[in-house]
Amino acid sequence: MTREPSTAVAGSPASLQERFDRYAIPVLSVLGMAIAGYLTYIKVAGAEALCVGVGGCDVVQNSAYAQVMGVPVALLGLVGNLMLLALSLWRLRVGVDEPNVALVIFGLALFSILFAAYLFYVELFVLEAI
Amino acid sequence: MYCKQFALGPERQIDEAYIKTGKLRMEFKQFVGLGKESEYAAQASLCAAEQGKFYEYADKLFREQKSPNSGAYSKSNLKSYARERGLGLDGAAFDSCVDSEKYRDRVQAEDSEGRKRGITGTPTFFLDGEMITGALPFSEFQKRIDEKLSKQE
């Protein structure tokens, strides 16, 4: 099968959907890193967290639930988001639709959401911080 | 998404610079990593090839591409794309080809061949045996193709 001449112009502008597919994960993971990085700093430096809207951040940050086997959960969030950023940037740079990488990204994101939901539950019903 | 980027961009430039000038031969193999609809689309593209319109129809599919398995490549949509004026496909023959799924085995065989050669994502290229992954810009393909050609001279 050889290629016939085409009348269409070479290349095509990426649609809104395509741009969303490409950049949503890197952008969201950078935001996630910013929040997790801030909370890691608060935890490690022992500073007071800046709460927006509702109080009780320090109650949460200083509770036993804020770490897993001695590791601050915010640091886990930072590492998780960094992995998401690295994988999504790799996909973008190489320019490949790679189902296995997509599955890993999905798995990481799903785990993060479930873990965040658990922490939110703890905040609301165990620590009653909100 | 990245196959589309290649097909509507660098592929045309490669065609102009190397294929039409007889320096390069390109063979297209199906790799269907994204579920049922990508299998249907692959089979439909071979139905278009029967009528000598593989690349024209493939380009049309890329222009209509949406999220995987969102219905964009349902059999009824694949048939309606074939009716686009300018493609010049015989609609009835195309429909019966798509319905018969006569290329199912061929698509699966090409897909397994790709997996055996270590392909995990699309687009992947083999340039004189060397594996290249990803929709690289034309300049990158140009560099690699010229390198191979200069060794053959």
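For the options A:V101, A:V96, A:V94, A:N100, heavy-atom pairs under 4.5 Å to chain B are most numerous at A:V96.
For the pair A:G95 and B:P123, the tightest heavy-atom approach, listed with the atom from each and the gap, is O-CD, 3.7 Å.
With hydrogens and angles ignored, the 3.5 Å screen pairs no side-chain donor or acceptor of A:D97 with any backbone N or O of B:G121.
Using a 4.5 Å heavy-atom cutoff, the side chains of A:R22 and B:Q5 are in contact.
Hydrophobic clustering of Ile, Leu, Val, Met, Phe, Trp and Tyr side chains at less than 4.5 Å, counting indirect connections, unites A:L124 with A:V122. The hydrophobic cluster containing A:L103 does not contain A:L28, counting ILVMFWY residues as joined when their side-chain heavy atoms lie under 4.5 angstrom apart, directly or transitively.
For B:R104, the CZ atom counts as loosely surrounded, since its 6.0 Å shell holds 12 or fewer non-hydrogen atoms of other residues, nucleotides or ligands. Annotation: B:Y18, atom OH; neighbour count of heavy atoms from other residues, nucleotides and ligands within 6.0 Å is above 12. For B:F126, the CZ atom is densely surrounded, since the number of other residues' heavy atoms within 6.0 Å is greater than 12.
Residue pairs meeting the side-chain hydrogen bond (donor to acceptor under 3.5 Å, both in side chains) criterion with at least one member in residues 119-137 of chain B, sequence neighbours excluded: A:E98-B:T120, B:E130-B:K148. Listed by first and then second residue, the side-chain hydrogen bond (donor to acceptor under 3.5 Å, both in side chains) pairs that reach into residues 83-98 of chain B are B:K60-B:E84, B:R83-B:D95, sequence neighbours excluded.
Contacts between residues 73-85 of chain A and chain B, defined by a heavy-atom separation under 4.5 Å, are made by no residue at all.
In this structure, B:Y81 has no ring-ring contact (aromatic ring centres under 6.0 Å, His included) partners at least two apart in sequence or on a different chain.
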